[in-house]
Visitor: 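Before we start, here is the structure in question, set down as C-alpha cells.
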Amino acid sequence: MQWEEEMCIVSGNNRAVDGKPPKTVVELWCRTRSGHSVTLLVDGLRPYLVVAESGSPRPASESAAGLDYLRGMDEVVEITSVGDKWTRLGEKPHWKIEVRQPYEIRRLRKRIQDAWVVTSADILFVQRLLLDCDLGPHILARGEVLWAGERAPLEARDEQTSDRAIAAGRIADVGGVGIYPTDMVVSCTLDNLAKTEPFRTPFVTFSFDLETSIQSNRILCAAAVIDRGGERSEHTFRGEEGDIMEGLTSLVRLEDPDIITGYNIDNFDLPRMEERTDVLAGRSKMEAAALYGWGRVPMLQSENKRLFPTRQQNRVWRIPGRIPLDAWWQVHTSTLRPQRETLSYVSKLLWPEDEDKHKLDIDASQMDREWAERPDEVLEYCVRDTVLPLDILGRLQSVARKEALASVSMTTVETASAGTTSQWIDSLVIRLADRSNVAVPTTNSGPRRRDQIAGGYVHEVDAGISPWVVVLDFKSMYPSIMIANNICPTTLVRDDSTDDSYNVSPTTHTSYRSKDERIGLVPHLLEQLMQSRDKHKAALTAARDAGDEAEAFLQDQMQYAVKILMNSFYGVFASSFYRFTHPDIGASITEWARHNIRDIIAQVESDGHKVVYSDTDSIFVRAPVNKQAPINRPDEGEESFVDWEEAKRETLQFGERLAERFTREGAELEFETALSAFFSHGAKKRYVGRVVWPREEMLIRGYEVRRTDSFALLTSTMTEMFEMILSGEEWAAVEMTKAVIDDVKGRKVDAADLVISRSCKGTLRRNGTVDFSKIYDNPDGLPYVRAAKERIRRGLPFTPGMKVGYIVINAKSSPMTVEPWLVDEIDEDPPKYDPDYYARRLAKSLGRITEAFGWSEAELLSGSRQQSIFDF
DNA sequence: CAGGTATCCTAC
DNA sequence: TAAGGTAGGATACCTG
C-alpha cells in the first residue's frame, strides 16, 4: 500500500545490509504532521568519498594509473569523475569513490591518504542523505507501507500491513529487520523524499523520574508522564526493581516517544538505569533489553548495540531514534539564569503563585526512610517531578526552538538538539560547496594549539555619571563584515598577489577576491540568511496583525533560529579546527571590526562629542543637550518637565543623526537606545543606564546584579543603589548601603539572602560517584567544591555542572569554612553565617561604586553614618 | 601581605 | 577524543 504524508525527521541512522549486492538502508525516525510515528527505510544511497591527486593541479588523464589501483581495492564499488573542484591549491580534477558500506570509509581513507587528497570523507551517512537530496527536517515522503500498528491511521492498515509476520518479512526484504516500535514502517527510495515548508510537529514526549535508595542505589519507585500533543497520561511503578524497569521500558516502546526528558536525567536517571541494568541483567543482552531497551529499533538480539542509551565519555546521551532532552540542561543554557538550579527553586521562579508545583514534602536525603514510612507520598512527589520537566520545556519553548533551528540549518531535530555549532554550519556550507564544485576537506583532528586571534575593541570608561547618552550599534556586525568583504576560505588570497579589486583588511592586509570574480560560499549563505530573517520577521508581523497566534509563534521561532545561526558563522570560522578554517579569516574579521568602530569613535570625537564607552560593535556618545536639563523625569505638571522633554527630543535627534551619518552599505549602524544617564565606576563591561527610549527602564550590564554567583542581598542593595545614583541621590545611596551593612553585622539579615551559588564540575564515575580531581588542580581549595562534597556526604543529589549554593560561616580560617545551602530541599535550620565576611563583601562590591563619589569601601564598612557630609 | 594562578561568569 | 570566538572583571587560595 502506498502512503504519502508530511513529516519531521527526528533522527536517523543507517543499516548495512550484507546482501548481494551489498547495500545500505537509511532509517529516518519521523513524526508526521498528523501525529503518527514513522520509520522510513530509505534505499538508494551509496556511501562515498571524493579524491584528488595531491600536489599541484595536473590534468585528469595523468591519474589513470592511480585510479586503476583504487578500482582494484576490495571495498571500492565504483569510481566516477566529478570534474574540477576548487581546492586550496587551485582547481583540480576530482573523483567520487563509492564503497560498499559507510564503515569502510574511514578504513579506505587511511589506506589511500598518502597518495590522494581525500575529501568529503567524514560526513555521517544520514547527513549525506540530507545533503545530497537537499532536504531539511520537514519532508514530504511517499512510499510503501510495510507495517501499520494499532496507532497507525486506519487507512494504512490492511491484511498485510497489520500482520506482524508478513510485515517482518517485507521489512527484511528491503533491508530492515524485525518490527520497529513506531506506528508505521514505510519503505521508499531517494526520489520519494521532498523538502516541504516548516510546520510545528506534534512530538510525543516521555518524562520520567526515579526514586532510589541511598544505601543500595536500588530503584525504589518510578513515575512517567507521556505528553502526546498536549494530552498527558501519568504512570507510576513500584514493586520489584526489575518490574519497575521493565514497566518503564514497555511504556517507552508502547508510547514510542520522540523526546525523553526529566530533571537531571543526563547525570542521574539515565546513568542509574544503566548501572541497575548491569546489576540485574549481568551479561544477558536480551534480559538487559527488557529492562532498558529504549532504542527505537526492534527488540532483537541482532540490534543489541542500538537498543540501549549510550554516551561517549561524559558527553550527551544518545538513544537511537529518540532525543534525550534534560530539562535541567535546558534551564542551565536558557536565558532564565536562575541563581540555583534545583527543580524546586526553578519551579518557584517560574510559577511563584502555584503552590502545588513546589510544595516540599519529601526529604530526599532520607529517601529510604521516607519510602518505608509513606510510599504513597513519595510516589506522588515522584509524579510531580515528571510533570514539572514537561512544563519547563514548554515554558522555555525548548522543543519548538530545536525544531526551528533544525529547519533553518537543514539538519535532523536531533542534530539541532544535541549536535555542535560546527555541525549546523557544516550542513549549510557543505551543501553549497557540493553544488559549487568546491572540495570539502575533512576536519582537522588532533590538538591544535595556535596563537589566539585578537578580538573586539573595548573603550576605556571613566568613573562617574554622564547625562544624556545615545547608544548605537552595528546590526549583525561580523556577518555584515563577512558579506561586505566577501570573506570566505574560497576567496582568501593565499599567495602574496595584490590587485585593486581585492578586499584588503586594514592592518595585516589579508586579501579576499572581489564578488565579481567569485562569490564566497559564506557570504552567499549569510546573505540568504539575512534575507530569510527579514522574511520571517515580516511574516511574524503579518501573522500578528491577522491574529494568527500559531503562525506568529512559528515565524518568531524561525527568525530567532536564523539569528542564532548567522551569529555562529564567525565563531566556527575563527576556531582552530573547523574543516574550512584558516587563521587569517577569523583574525581579519575582527580586524575590520576594530577598525570600523575606532574610525567612528575618532570621527565622533573630532566633531567634539564625548564617546563615553564602546564595546566591539557598540558606541555610547554624550548627546549635546542643555546642561541644566534634569536627568530625572519630572512630573508632567512640573516646570522642568519641558526641559526634560526637550533634552529627550534632542537626544533622539542626535542618535538618529549619528545612525544616518555612519551607516554604510553593508555596515548599518542602528540607534538602539537613549539614556538620560549613564554610570560606570570605571571598569570595562560594567555599566548602568537609565533608558528613556524606546521604553523607560534601567539597563545594567556586568555588575553583580547580573551575576548568578552573587547573593540576593548584594543584588538587591546594588540595584537600589543604582536607582538612587541615577536619580542623583548619591548621599542617600551611601546611607542606605551603610544601613544594610550594619544589619548584616548585627546578624539581622535572613541567611537565605546570603546564599552564594556557583557551578561545580566533576566527572561521573560508572558507580555514580563524582571525581573532582580530574577537573580541578586543587578541588578542596574551592569553596563550591567543598560545598558539593558536603552535599554528597549528606545524601543529596549532586550532578556535574550543577550550581551549588553555600553560606560562608567562617572566613577567618583559610580556606574559609562553608556549608551547603539545603533549606530548599530538606527541613533544617539555615547555617549561621559569618557577618564580617558578608559585611566585607558588600562593602567591597558597593564601595567600588561609591568610590566614584568619594566614599570608600572602608567608610561603608566603618558603620558610622557620616552626617558630616553636609559640612561640605 | 603582595602577587600569581585557577576558576567562574559575563559582554559582545 | 571533540571541539564556535576573544575581552574583561572579580574572588579564593597559595606561595614566598
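Just so it is clear: chains get the letters A, B, ... in the order the sequence lines come, proteins before strands, and each one is counted from 1. Since we're looking at a predicted model, the values are computed, not measured. What you see below is based on every heavy atom in this structure, not just the backbone, and it leaves out hydrogens, waters and symmetry mates.
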Visitor: Let me check something: any side-chain donor-acceptor pairs from residues 562-573 of chain A under 3.5 Å, sequence neighbours excluded? List them with distances.
Guide:
from: Asn567(A); atom 1: ND2; to: Lys563(A); atom 2: O; distance (Å): 3.3
from: Ser568(A); atom 1: OG; to: Ile564(A); atom 2: O; distance (Å): 2.7

Visitor: With a 4.5 Å heavy-atom cut-off, do Phe620(A) and Val611(A) have their side chains touching?
Guide: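 The answer is no; the side chains never approach within 4.5 Å.
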
Visitor: Distance under 4.0 Å to a non-hydrogen atom of chain A counts as contact; along DNA chain B, which nucleotides mark the start and end?
Guide: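 Nucleotide range in contact with chain A: dA6(B) to dC12(B).
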
Visitor: If you assign each of Arg848(A) and Ser814(A) to its closest nucleotide in DNA chain C, which residue comes earlier from the 5' end?
Guide: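 The 5'-side residue here is Arg848(A).
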
Visitor: Would you mind reading off the bend of the helix from dC1(B)-dG16(C) to dC12(B)-dG5(C) from its two end axes, five pairs each, to 10 degrees?
Guide: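 Axis-to-axis angle, ends of the helix: 10°.
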
Visitor: For Thr507(A), give me all partners under side chain to side chain donor-acceptor pair (under 3.5 Å), at least two apart in sequence or on another chain.
Guide: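 Scan of Thr507(A) (side chain to side chain donor-acceptor pair (under 3.5 Å), adjacent residues dropped) gives Glu591(A).
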
Visitor: Give the residues of residues 455-466 of chain A touching DNA chain C, defined as any heavy atom closer than 4.0 Å, sorted by residue number.
Guide: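 Correct list: Gly455(A), Gly456(A), Val458(A).
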
Visitor: So, using side chain to side chain contact (heavy atoms under 4.5 Å, CB included) as the criterion, who are the partners of Ser480(A) when residues are at least two apart?
Guide: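 Once residues adjacent in sequence are excluded, the partners of Ser480(A) under the side chain to side chain contact (heavy atoms under 4.5 Å, CB included) criterion are Ser476(A), Met530(A).
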
Visitor: Among residues two or more places apart or on two chains, list those pairs meeting side-chain hydrogen bond (donor to acceptor under 3.5 Å, both in side chains) that have a residue in residues 837-847 of chain A.
Guide: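 For residues 837-847 of chain A: Glu704(A)-Ser845(A), Tyr837(A)-Arg841(A).
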
Visitor: I'd like to check Trp821(A) versus Val755(A) (side-chain heavy atoms, cut-off strictly below 4.5 Å). Are they in contact?
Guide: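 Yes, their side chains come closer than 4.5 Å.
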
Visitor: Please state whether the phosphate of dA10(C), meaning OP1 or OP2, lies under 4.0 angstrom from any side-chain nitrogen or oxygen of Lys844(A).
Guide: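 Checking Lys844(A) against dA10(C): no side-chain N or O falls below 4.0 Å of OP1 or OP2.
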
Visitor: Whole-Å distance between dG9(C) C1' and His681(A) NE2?
Guide: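 His681(A) atom NE2 is separated from dG9(C) atom C1' by 8 Å.
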
Visitor: Does a side-chain N or O from Arg707(A) land closer than 4.0 Å to OP1 or OP2 of dG9(C), or not?
Guide: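 No, outside the criterion.
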
Visitor: Does Lys684(A) make a side-chain N or O approach to OP1 or OP2 of dG8(C) shorter than 4.0 Å?
Guide: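 The answer is yes; a side-chain N or O of Lys684(A) sits under 4.0 Å from OP1 or OP2.
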
Visitor: Going by the rule side chain to side chain donor-acceptor pair (under 3.5 Å), which residues pair with Arg109(A) if we only count those two or more places apart in sequence or in a different chain?
Guide: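 Testing Arg109(A) for side chain to side chain donor-acceptor pair (under 3.5 Å), a comparison that skips the adjacent residues, returns none.
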
Visitor: Do we count Phe577(A) as stacking onto dA3(C) if the rule is ring centres under 5.5 Å and planes under 30°?
Guide: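 Here Phe577(A) meets both the 5.5 Å and the 30° conditions.
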
Visitor: Who pairs with Phe679(A) by ring pair (Phe, Tyr, Trp, His ring centres under 6.0 Å), at least two apart in sequence or on another chain?
Guide: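 Residues passing ring pair (Phe, Tyr, Trp, His ring centres under 6.0 Å) with Phe679(A): Phe853(A).
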
Visitor: Which heavy atom of Thr510(A) sits nearest to which heavy atom of Ser588(A), and what is that distance?
Guide: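 Scanning both residues, the minimum pair turns out to be CB-CB, 3.9 Å.
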
Visitor: Does anything in residues 770-781 of chain A reach DNA chain B, meaning a heavy atom under 4.0 Å, and if so which residues?
Guide: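 DNA chain B contact set from residues 770-781 of chain A: Ile775(A), Tyr776(A), Asp777(A).
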
Visitor: Tell me every residue that passes ring pair (Phe, Tyr, Trp, His ring centres under 6.0 Å) with Phe798(A), counting only those two or more places apart in sequence or in another chain.
Guide: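 Expected list: Phe772(A).
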
Visitor: With a cut-off of 3.5 Å and sequence neighbours excluded, list every side-chain donor-acceptor pair involving residues 452-462 of chain A.
Guide:
from: Tyr457(A); atom 1: OH; to: His459(A); atom 2: ND1; distance (Å): 2.6

